[in-house]
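Notes follow the structure.
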Amino acid sequence: MTPDQLSGALSAALASAVADGALALPADAVPGSVHVERPRQREHGDWATNVALQLAKKAGTTPRALAEELARRLEAADGVKSVEVAGPGFLNITLDAGAAGELARTVVTAGAAYGRGDALAGQVHNLEFISANPTGPLHIGHTRWAALGDALARIMRAAGADVTAEYYINDAGAQMDRFGGSVLARARGTEVPEGGYRGEYVKELAAQVLEARPDLLDLPEEEALVVAREEGYRLQLAEIRAVLEGFDVHFDVWFSERALHESGAVEQAVERLREQGHVFDSEGAVWLRTTDFTDDKDRVMIRANGEPTYFAADAAYYLSKKDRGFPGKIYLLGADHHGYINRLKAIAACAGDDPETNIEVLIGQLVNVGGARLSKRAGNIIELRDLVEWIGKDAVRYSLARYPADTPLELQGEDMLKQTNDNPVFYVQYAHSRTCAVDRNAADRGVVRTRPDGTDAFDPSLLTHETESVLLGRLTEFPRIVGQAAELREPHRVARYLEALAGDYHKWYAECRVLPYPDEEVTDLHGTRLWLNDAVRQVLANGLDLLGVSAPERM
RNA sequence: GCGCCCGUAGCUCAGUGGAUAGAGCGUCUGCCUCCGGAGCAGAAGGUCGGGGGUUCGAAUCCCUUCGGGCGCACCA
C-alpha cells in the first residue's frame, strides 16, 4: 500500500463520515487529499496523520473525537491492520505486512522508472547555471553550482518537467580585452597589465596560444591583442567544456553573450522594451524604468557613450529565453549576485511576463575553504579539475549536492582529503554494492526469484521483521521525495533520503539474512528477501543517478 | 545606512507547524563460526544565538536584538 493509496482511504473515510452525518463538516472543508507521513517514532506505526487536529475546529468537535471516528472507519480499509489515536489526536496507522511488502515487487517491476513522477508534468524550464567567464578555470564555487544545477536538471526531469540546461558565456565586454592583454603579456614574457589576470594558468594558455599562432609576437599590437584574446578564449572555453564533461555535467545549450551583441539582439531588446513603455532617456543615456516594478533604482541600458551595458545584454538574454519558448526561466546564481534578483525580475515584468512564475532566481551561498591546499596553476583558487583529481568525481558531486544551496559551506582544507573515506557517498555506494554482492551469490545458494512452477517466489506477508517494515516504508517515500526535491529545487533531499535508505538497508542486512546458511533449507522467505534486496538496489541506483553519482557493483 | 542569506551536539550539517530535535565526523565500549566490517549495536555530548509574540502545539511563522557571510555602478 502506497502513501497515496492510504491518503485516498483516509479521504474516503472522511467523506463517508460526512455522508453519514457522523461528521458535521461543510463540503468545502473536506480536503481533497490527506497528508500522511512517516512518524519519527517506530511505535507510532507505519504512517501517521494530523488531519483530525486540523479539522476538529471546523467540524465543531474535539480532535480526539474526530480521530476516533476516522480510526473506526479506516480500520475497515483493505491493507490496514490497525489504527490508533494518540496524543492530542494523531492517527497512527499500521499496515498489514502483506500490503506493505507488496511494495518490493512494485519497485522491481517499475525498475528505473520507480521514483519518476508527474509533479512537474507539462512544465517547460530553462535552467541556467555556472555561466562563468571564459577567462579562467572553473573553481570550487562554480563546482557547487555544477553539482547542484546538473542534479536539479535531472531531478526536475524525473518529476516530468521539460528542462533545458544552459550555460551563458560572458564572452563580450571589457574583461575579455583584459584577458587578451594578459595572455599577450605572458606570451611576450612581460608583466600582466594593471587589472589583468595574473593566475598561473594564463602562462599555460599563452604557451598554447603561441603554439597555435607562432606569428603572434610579430603581429601589430592591435591584431596581436585580438589573436591573443580569441585564441585564449577558444582554449579556455574548450577547457571548461572538457572539465564539465569529465564531471558528468551536461549542458544542452552554450549561449554566447557576444552573439546577442553581434546579431543586434541587444538593440532590439531596448526597442522592444521601449514599446512596452518602460524605457526612457536621461543624461544622454538610455534607461529601463525597473523601479516600476521590484527594483530600487532604474538601470542604464545604453551608456552616454553609446555602449550597451551588461544589464542591456541581460535583458536581451532574458528575451531570448522567452522567445525560445521557455515559460520558466531559472537562474542559479552565487550569493554575490543576489543584488541582481530584483533587476532580473524587473526585466521579466517589463517584458510583460509574470515575475512570480516566469522567472526564478536561486541564490547559492559561496563555499569557504579554510587553510585549503592551493591550486598549482591558478594561484589562490581551487579548481574543479583539481578537486576531481584529488577526491574523485563521485565524492565531489555528492558532498556538494547533499547541502541546500543556501547553506554557507565551510570546507576545511585539511579535512577535505581525509574526509574522502568518511564521505557519506561511500556509505550509500557501499549499500548499493552490497545489494549487488548478495545478488551475485544468490544463484549459487539456490535462492531464486521465481519458483519452478513459474510463479514469483515472493510472499510479502513474510516481511515481518522490524527492519523490513522500516525498509519498506522508506522505499515508499522515494517518489514523493523526488517530487518534493523537484518542486522545492532542493536536490539535497534526494541525497539525505539515500543516506537514510542506506542506513535502513545496512541495519536490515545485519538482522535478516537473504541467503541461507549452507545447511539451511531454501524457502520463500529467502526468495522474498531477494526481491526486497533488488528493490533497495534499484532505488539506490535511481537516486544516485539523479545526483550524477555512480552506483558501483563492487568497491 | 538599506537589502538578501545563515546562527541547531566539540566539528561539518539535516530537520517546508506536530509526538522524546537527528546524521556523519571526533571520543568511549562491544560485534567478523558462514550473504562484503567502507558495516552493525551501544554510551557520552543540546538554554535549536538571546528576548517577546501567534498557535492546542514553534528549531520551523511574526516582531525585536546580537553575531557571521554577501550585495547596494553609465564594472563585468
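Just so it is clear, the values below take in all heavy atoms, side chains as well, and ignore hydrogens, waters and symmetry mates. Protein chains get the first letters and strands the later ones, always in sequence-line order, with residue 1 at the start of each. Keep in mind that this is a model prediction, so the values were computed, not measured.
As judged by a 4.0 angstrom heavy-atom cut-off over every strand, L53(A) is placed among the base-contacting residues. In this structure, E553(A) reaches the bases: a heavy-atom distance under 4.0 Å links it to at least one base atom across the strands shown. Counting non-hydrogen atoms under 4.0 angstrom, R40(A) reaches the backbone sugars and phosphates but no base. Base contact: R513(A) has a heavy atom under 4.0 Å from a base atom.
Distance, E511(A) CD to rC32(B) P: 15 Å, rounded to whole Å. Separating the OH atom of Y427(A) from the P atom of rU12(B) is a distance of 23 Å, rounded to the nearest angstrom.
Between the side chain of N92(A) and the base of rA19(B), at least one donor-acceptor pair of N or O atoms lies under 3.5 Å. In terms of polar N and O atoms assigned as donor or acceptor, the side chain of N50(A) comes within less than 3.5 Å of the base of rG18(B) in a complementary pairing.
Annotated as syn: rC32(B), whose glycosidic dihedral is within 90° of 0.
Checking rG36(B), rU16(B), rG3(B) against every side-chain atom of H338(A), the shortest atom distance belongs to rG3(B). Considering only the side chain of K297(A), rA73(B) comes nearest among rA73(B), rC74(B), rC40(B). If you check rG69(B), rC35(B), rC13(B) against the side chain of T407(A), the one that comes closest is rC13(B). Which of rA38(B), rA19(B), rC13(B) sits closest to the side chain of Y430(A) comes down to rA38(B). For D406(A), the side-chain atoms get nearest to rC6(B) when compared with the rest of rG18(B), rG36(B), rC6(B).
For F90(A) and rA19(B), the ring-to-base geometry satisfies the stacking test (centroid distance below 5.5 Å, interplanar angle below 30°). The aromatic ring of Y403(A) is not stacked on the base of rC13(B), since the criterion of ring centres less than 5.5 Å apart with planes inclined by under 30° is not met. Stacking between H337(A) and the base of rG71(B) is absent under the criterion of ring centres within 5.5 Å and planes under 30 degrees.
The aromatic rings of Y331(A) and Y317(A) stand perpendicular to each other, their planes meeting at an angle above 60°, with 30° marking the opposite boundary.
If you find the closest nucleotide of RNA chain B to A174(A) and to R496(A), the one lying nearer the 5' end belongs to R496(A).
For the pair H142(A)/I240(A), no side-chain contact is recorded, criterion being any heavy-atom separation below 4.5 Å from C-beta on. Counting heavy atoms from C-beta outward, Y398(A) and Q429(A) have side chains that stay 4.5 Å or more apart.
Closest approach of A158(A) and V482(A) over heavy atoms only: CB-CG1, 4.1 Å.
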